[in-house]
Amino acid sequence: MTDRHAVLRAAAATLPGETPRLDAELLLAHVLGEDRLMMLVGRAPVPDEAVARFETLLARRRAHEPVAHIVGEREFWSLPLKVTRDVLVPRPDSETLIAEALRHFAGRPPARVLDLGTGSGALLLAALSEWPASTGLGIDRSAEALAVAAENAGRLGMGARAEWRLGDWAQGVEERFDLILCNPPYIADGTPLMPDVARFEPAGALFGGPDGLGPYRLLLPEVARLLPPGGVALFEFGEGQGDALVAMAKASGHAARTVPDLAGRPRVLVIAVA
Ligand code: GLN
């Protein structure tokens with residue numbers, strides 16, 4: 001038996017990355033089957049058997065496996081989402097799209113929501129969690145990702161409001177959607193990434209061609225036929241891509257602007273139709 005705070009301190013000192021203490025807490029909570037905050041206020045010592053299981057998980061983390069993969073879950077917009085190696089681990093930066101959607105639709109919920117490249121379903125499910133009468137469609141080219149998204153919808157009680165479709169972006173989509181959400185792969189091919197990302201997350205959700213802008217070249221010209229008046233399309237993008245995207249949106253006939261994430265970096269392209 002060992003004091004849990006001593007266990008956490010020792011573990012955190014051995015972990016890589018930017019959040020070793022938080023990672024140790026999430027892993028120990030997982031081992032003990034407790035919520036992280038309950039685990040932190042708990043006083044019972046950690047049984048040897050649990051310490052041993054914790055050690056196994058720490059070794060995986062030391063080999064750079066993301067905590068979300070080890071525990072099989074990641075919180076996004078306060079929703080617990082199942083995560084596997086078939087989907088991008090939802091990032092806090094992407095919550096900027098949901099915050100912007102809430103601003104746009106204050107007091108008048110979007111009836112229909114489209115999520116292009118839905119992955120785990122994070123963006124669509126976060127939107128549907130805010131507007132209980134809204135329904136949506138999530139499209140992905142990965143059947144494995146869609147299975148994860150559908151499971152997430154079911155677990156969160158949104159199965160009846162979310163439809164999932166295997167497809168190539170918006171190809172074949174005839175309907176218009178009040179809210180379009182999209183976090184495409186936007187990293188330039190060949191960019192060196194942290195081992196946590198490079199070794200464990202799906203390349204198809206990360207790399208967007210030689211300059212990372214490939215998906216936007218395909219998608220921005222589609223926005224006009226997908227958005228009704230009053231609608232908005234929100235695209236996540238990466239560092240230094242904002243000006244090129246605003247210009248690209250303009251070339252497709254849209255006035256566009258960008259919105260920064262919590263760290264103040266331009267992160268979301270906003271295309272609204274009057
Ligand atoms: N934000 C992710 C990263 O930097 C990239 C996700 C994406 O390409 N959509 O790891």
Side-chain angles (χ1 to χ4, degrees), residues 76-77 91 93-119 121-140 158 161-163 165 167-186 208 211-274:
F76 180 79
W77 201 252
R91 317 287 207 252
D93 293 333
S94 304
E95 294 184 340
T96 312
L97 276 79
I98 305 301
E100 185 58 26
L102 284 173
R103 262 193 298 281
H104 184 88
F105 290 102
R108 54 169 185 114
R112 293 282 286 155
V113 183
L114 176 64
D115 183 3
L116 295 169
T118 192
L123 289 172
L124 179 58
L125 295 171
L128 296 184
S129 77
E130 289 292 333
W131 297 295
S134 305
T135 61
L137 171 64
I139 298 179
D140 208 284
M158 294 190 263
R161 293 195 289 132
E163 186 195 334
R165 186 181 300 168
D168 185 5
W169 297 124
Q171 236 178 62
V173 175
E174 306 284 348
E175 194 191 336
R176 287 179 190 262
F177 292 83
D178 307 288
L179 171 59
I180 298 173
L181 300 166
C182 180
N183 176 16
Y186 53 66
D211 60 359
L213 299 176
Y216 308 98
R217 287 194 185 90
L218 294 173
L219 287 167
L220 295 185
E222 300 260 53
V223 169
R225 69 172 184 86
L226 294 169
L227 269 190
V232 69
L234 304 172
F235 292 89
E236 181 170 328
F237 62 83
E239 203 167 331
Q241 296 177 325
D243 291 347
L245 290 178
V246 168
M248 219 185 269
K250 206 170 165 191
S252 298
H254 302 288
R257 62 192 172 86
T258 65
V259 171
D261 60 23
L262 288 176
R265 293 169 300 219
R267 175 65 65 184
V268 180
L269 180 75
V270 181
I271 300 177
V273 173

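Here the structure is a predicted model, which means the values were calculated and not measured. Any value given below was found using the heavy atoms of this structure, including those in side chains, with hydrogens, waters and symmetry copies removed.
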Are Leu220 and Leu269 side-chain neighbours, meaning at least one heavy-atom pair lies under 4.5 Å? yes
With rounding to the nearest 0.5 angstrom, report the CG to CE distance, Leu128 to Met158. 6.0 Å
Taken to the nearest 0.5 Å, the spacing of Glu163 CD from Ile139 CD1 works out to 8.5 Å
Which heavy-atom pair separates Leu227 from Ala233 by the least distance, and what is that distance? CD1-N, 3.8 Å
Any side-chain heavy-atom pair of Leu181 and Ile98 under 4.5 Å: yes
If you take all heavy atoms of Leu124 and Ala162, which pair is closest and at what distance? CD2-CB, 4.3 Å
Could you tell me whether the side chain of Arg225 and the main chain of Val173 form a donor-acceptor pair under 3.5 Å? yes
With a 4.5 Å limit on heavy-atom distance, are the side chains of Leu114 and Glu175 in contact? no
Note, Glu236 side chain near Thr96 side chain (heavy atom, < 4.5 Å): no
Measuring from Leu218:CG to Asp168:CG, what's the distance to the nearest 0.5 Å? 7.5 Å
Hey, what do you get for CD (Gln171) to CG (Leu116), rounding to the nearest 0.5 Å? 11.5 Å
State whether a side-chain donor-acceptor pair under 3.5 Å links Thr258 with Arg267. no
Any donor and acceptor pair, going by atom type alone, linking the side chain of His104 with main-chain N or O of Gly230 inside 3.5 Å? yes
Smallest heavy-atom separation, Pro110 atom then Ser134 atom, equals O-OG, 2.6 Å
Look only at the side chain of Glu100 and the backbone of Leu234, and say whether a donor-acceptor pair between them is shorter than 3.5 Å. no
Tightest non-hydrogen contact, residues Ala170 and Leu226, listed as CB-CD1, 3.7 Å
Can you establish whether the number of heavy atoms outside Glu239 located under 6.0 Å from its atom CD is more than 12? no
Taking all heavy atoms of Trp77 and all of Ala99, pick out the closest pair and write down the distance. CH2-N, 3.9 Å
Non-hydrogen side-chain atoms of Leu179 and Arg112 separated by less than 4.5 Å: no
Could you report the tightest heavy-atom contact between Phe237 and Pro266, atom names first, then the distance? CE1-O, 3.4 Å
Once you round to the nearest 0.5 Å, how far does CZ of Phe235 lie from CD of Gln241? 13.0 Å
Quick one, Val232 and Phe105 - any side-chain contact, counting heavy atoms below 4.5 Å? yes
Check Asp211 with Arg217, please: is the shortest side-chain N to carboxylate O separation under 4.0 Å? yes
Once you round to the nearest 0.5 Å, how far does CD1 of Ile180 lie from CG of Leu97? 12.0 Å
If we only count heavy atoms from C-beta on, is the Ser252 to Val223 side-chain gap below 4.5 Å? no
Might you confirm whether atom CG of Leu262 has over 12 heavy atoms from other residues, nucleotides or ligands at distances under 6.0 Å? no
Note, Pro228 side chain near Asp178 side chain (heavy atom, < 4.5 Å): yes
